[in-house]
Amino acid sequence: MHGYLKGKKILIGVSGGIAAYKVCEIIRDLTKSGARCRVVMTSAATKFITPLTLETLSEAPVLCELFPETSRSDVIHIEAARWPDMILLCPATANLIGKIAHGIADNLLTCICMATQAPILFCPAMNTQMYLNPIVQDNLKKLRQFNYRFIEPATGNLACHETGIGRLAEKEDILKSMVQVLYASNKLKGIKILVTAGRTEENLDPVRFLTNRSSGKMGFALAEVAALHGAEVTLISGPNNLKPPPGIKQIRINSAAEMAVQVFQIAAAQQIIIMAAAVADFRPKIISPTKIKKKTNLLKIEFEQTVDILATLGQRKGNQLLVGFALETDNQQKNAIQKLKEKHLDLIVLNDPQIAGAGFDTDTNQVTLIDKNENILEISLTSKFEVAQKIFDKIIEMSNSSRDLTPEIG
Ligand code: CTP
């Protein structure tokens, strides 16, 4: 994910709360990821950490004063407001939130926030009662209506020896939200997208089932990126313990048959369908109604094929854009191209689970994209979030060049 911060211009506004010390690590990670950082501190923030610390970490002069004695520019806030790709307010105190919500611009940071066109991400951090104060909540609500972005504070032990909501969100969550803010677009606005994710479980008896190692992470990342681009996303997923991405509709299923029912029910209304799920190809022909006892010396299980959901969608599709996955351990490209053609796909994502860091239950992946004209695009090992971004770059390029996406399934 950090690759997506490379070259991005980030203005970090630091206000005066104890969580200010945590911004040091965030700035260090941002510069390590290749982002260009500039820090603006309120005078209260300088009571908690020094400008020198943040100057060293951000590798740029820290701005504090609206009218610095040494500056010859009287429009320092305008210049700073025009510069960034986004502004991160971290930590954002109740005071800073209140000022921005009421259009007060009485210091450099609030002036920049008022003058900028860049998206602003607030990271509130404060005492629980301050956070829950109806005035603060009202200010947050007001700012949300004006499209300011927020990352909710976490719940836990606070510096004031209380336990509750108000801790600064975790660093990784902040960095992830920054990527979301930087990459959010309307490129798929109004487009209905169905993504399937994860494994299925095929019952053998009341206590046993057959499944596979799929975690669902790749499908969840795809759903998340689709929602970032403004799509109306439905995610149909097998058993997993992942947090659903914000702003999507999630339908949970267990078996391949249940997934088929849910997919076929809504497929006709979708413009893009991505089958990232690792659907079982076989299921036990008979599910024993009682637990199979071990006195059965030799257990023979008869299997029958499940319905191939993707192949069925391929047979029915009109102008829909259909994306499949292929998990191959040998003759990979040849097998993937065969699946692409047999299932009438527009794009296939080829996975090799034998590569370290790729495939099942990892946070990273390395894939090859093959489109229906057999154009090949290799995506080297990177986070599943980035892989999902690149898959959508390709999908958006394909849908722009070849069709308007009208649902047309029989
Ligand atoms: N798929 C599906 N329904 C199934 C099995 C697979 O929709 N019953 C979809 C998967 O979601 C994936 C694609 O088909 O997008 C390819 O899955 P994969 O397991 O790689 O291939 P199979 O077609 O099942 O063939 P094989 O297992 O023989 O390689």
Side-chain angles (χ1 to χ4, degrees), residues 193-203 209-223 226 233-240 251-268 270 272-285 303-317 320-355 358-361 365-372 379 384 387-388 391-392 394-395 409:
I193 301 187
L194 166 61
V195 181
T196 66
R199 58 180 176 260
T200 62
E201 291 177 353
E202 308 304 324
N203 287 342
F209 55 80
L210 291 137
T211 188
N212 59 61
R213 295 183 197 285
S214 170
S215 63
K217 286 178 183 169
M218 192 63 242
F220 272 59
L222 284 161
V233 187
T234 307
L235 174 65
I236 300 182
S237 64
N240 64 74
I251 300 170
R252 292 179 178 278
I253 53 85
N254 283 308
S255 66
E258 286 168 15
M259 179 169 280
V261 167
Q262 294 297 335
V263 169
F264 295 147
Q265 218 163 68
I266 61 165
Q270 311 297 315
I272 299 174
I273 301 181
I274 306 177
M275 282 291 303
V279 188
D281 288 327
F282 294 96
R283 65 170 168 235
K285 199 167 176 186
F303 288 96
E304 65 183 6
Q305 273 196 17
T306 58
V307 59
D308 190 321
I309 303 170
L310 187 57
T312 312
L313 294 173
Q315 280 159 15
R316 298 176 182 178
K317 93 179 171 98
Q320 231 168 14
L321 208 145
L322 203 53
V323 182
F325 273 65
L327 189 76
E328 305 292 346
T329 52
D330 55 304
N331 289 325
Q332 295 156 330
Q333 288 202 2
K334 189 170 155 268
N335 288 343
I337 289 170
Q338 197 179 336
K339 272 180 199 167
L340 177 87
K341 293 201 180 318
E342 280 175 6
K343 301 194 187 191
H344 303 106
L345 308 181
D346 297 282
L347 183 69
I348 196 151
V349 182
L350 168 60
N351 267 290
D352 179 356
Q354 298 166 121
I355 298 170
F360 288 142
D361 206 19
N365 210 356
Q366 176 177 332
V367 301
T368 305
L369 305 188
I370 308 173
D371 69 18
K372 63 177 179 191
I379 301 178
K384 285 187 171 166
V387 172
I391 293 173
F392 268 103
K394 175 74 183 174
I395 290 173
I409 225 170

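Ligands are counted one by one from 1 in listed order, and the atoms in each one are counted from 1 as well. Throughout, residue positions are numbered sequentially from 1 according to the sequence presented. Side chains included, hydrogens not; waters and symmetry mates left out as well; all remaining heavy atoms used.
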**Fill in**
Of Ile355, Val387, Leu350, Asp352, the one forming a side chain to side chain contact (heavy atoms under 4.5 Å, CB included) with Val367 is Val387
**Side-chain donor or acceptor of Thr306 paired with backbone N/O of Ala280 under 3.5 Å** = yes
**Asked** Which pair of heavy atoms, one from Leu210 and one from Pro284, lies closest together, and at what distance?
**Response** CD1-CG, 3.7 Å
**Asked** Got a protein heavy atom sitting under 4.0 Å from atom 14 (O) of ligand 1?
**Response** yes
**Prompt:** Got an N/O contact under 3.5 Å between Ala276 and ligand 1?
**Reply:** no
**Message:** Which residue is it: Gln320, Lys317, Lys394? I am looking for the one with a side chain to side chain donor-acceptor pair (under 3.5 Å) to Asp346.
**Reply:** Lys317
**Item:** ligand 1 to Met275 polar contact by distance, N or O atoms, under 3.5 Å
**Value:** yes
**Request:** Around atom 26 (P) of ligand 1, find the nearest protein heavy atom and jot down its residue, atom name and distance.
**Result:** Lys339 NZ, 3.9 Å
**Asked** Does ligand 1 have an atom that lies less than 4.0 angstrom from a heavy atom of Val323?
**Response** no
**Message:** Is it the case that the side chain of Asn203 and the backbone of Glu201 share a donor-acceptor pair, with hydrogens and angles ignored and the cut-off at 3.5 Å?
**Reply:** no
**Prompt:** Can you list the ligand 1 atoms lying under 4.0 Å from a non-hydrogen atom of Thr306?
**Reply:** 8 (N)
**Asked** Is the closest heavy atom of Lys343 to ligand 1 under 4.0 Å?
**Response** yes
**Request:** Find out whether Lys217 and Asp361 are in side-chain contact, i.e. whether some heavy atom of one side chain is under 4.5 Å from a heavy atom of the other.
**Result:** yes
**Request:** May I ask you to check whether Ala326 has an N/O atom sitting below 3.5 Å from an N/O atom of ligand 1?
**Result:** no
**Request:** May I ask you to identify, for Asn335, whether its side chain, its backbone, both or neither come under 4.0 Å of ligand 1 on a heavy-atom basis?
**Result:** neither
**Prompt:** Can you tell me how far the NZ atom of Lys372 sits from the CG atom of Leu322, to the nearest 0.5 Å?
**Reply:** 10.5 Å
**Request:** Tell me which protein heavy atom sits closest to atom 8 (N) of ligand 1, plus the residue, atom name and distance to 0.1 Å.
**Result:** Val307 O, 2.9 Å
**Prompt:** If every non-hydrogen atom of Val349 is compared with every non-hydrogen atom of Val323, which pair is closest and at what distance?
**Reply:** CG2-CG1, 4.1 Å
**Prompt:** Nearest protein heavy atom to atom 10 (C) of ligand 1, by residue and atom, and its distance?
**Reply:** Ala277 O, 3.4 Å
**Fill in**
Short version for Asp281: what comes under 4.0 Å of ligand 1, heavy atoms counted, is side chain
**Item:** Candidate with minimal heavy-atom separation from atom 4 (C) of ligand 1, of Val279, Thr312, Ile348, Val349
**Value:** Val279
**Asked** Does Ala280 have a non-hydrogen atom less than 4.0 Å from ligand 1?
**Response** yes
**Asked** Could an N or O of ligand 1 be found under 3.5 Å from any N or O of Leu310, whether backbone or side chain?
**Response** yes
**Prompt:** Looking at Phe360, does the NZ or CZ of Arg199 lie under 6.0 angstrom from its six-membered ring centre and within 45 degrees of the ring axis?
**Reply:** no
**Asked** Are any of the N or O atoms of Phe325 closer than 3.5 Å to those of ligand 1?
**Response** yes
**Prompt:** Does the Asn335 side chain pair with the main chain of Asp330, one donor and one acceptor, at a distance under 3.5 Å?
**Reply:** yes
**Message:** Taking 4.0 Å as the limit for heavy-atom contacts, which would you say applies to Ala256 with ligand 1: side chain only, backbone only, both, or neither?
**Reply:** neither
**Request:** Would you give the length of the straight line joining atom CZ of Arg252 to atom CG of Leu235, rounded to the nearest 0.5 angstrom?
**Result:** 8.5 Å
**Message:** I need the single residue from Leu313, Val195, Leu194, Val233 that forms a side chain to side chain contact (heavy atoms under 4.5 Å, CB included) with Gln270. Which is it?
**Reply:** Leu194
**Message:** For atom 3 (N) of ligand 1, what's the nearest protein heavy-atom neighbour? Residue, atom name and distance, please.
**Reply:** Ile309 N, 3.1 Å
**Asked** If you count the atoms of ligand 1 from 1 in the order shown, which ones are under 4.0 Å from a heavy atom of Gly324?
**Response** 15 (O)
**Fill in**
Counting heavy atoms under 4.0 Å, the part of Asp308 that contacts ligand 1 is both
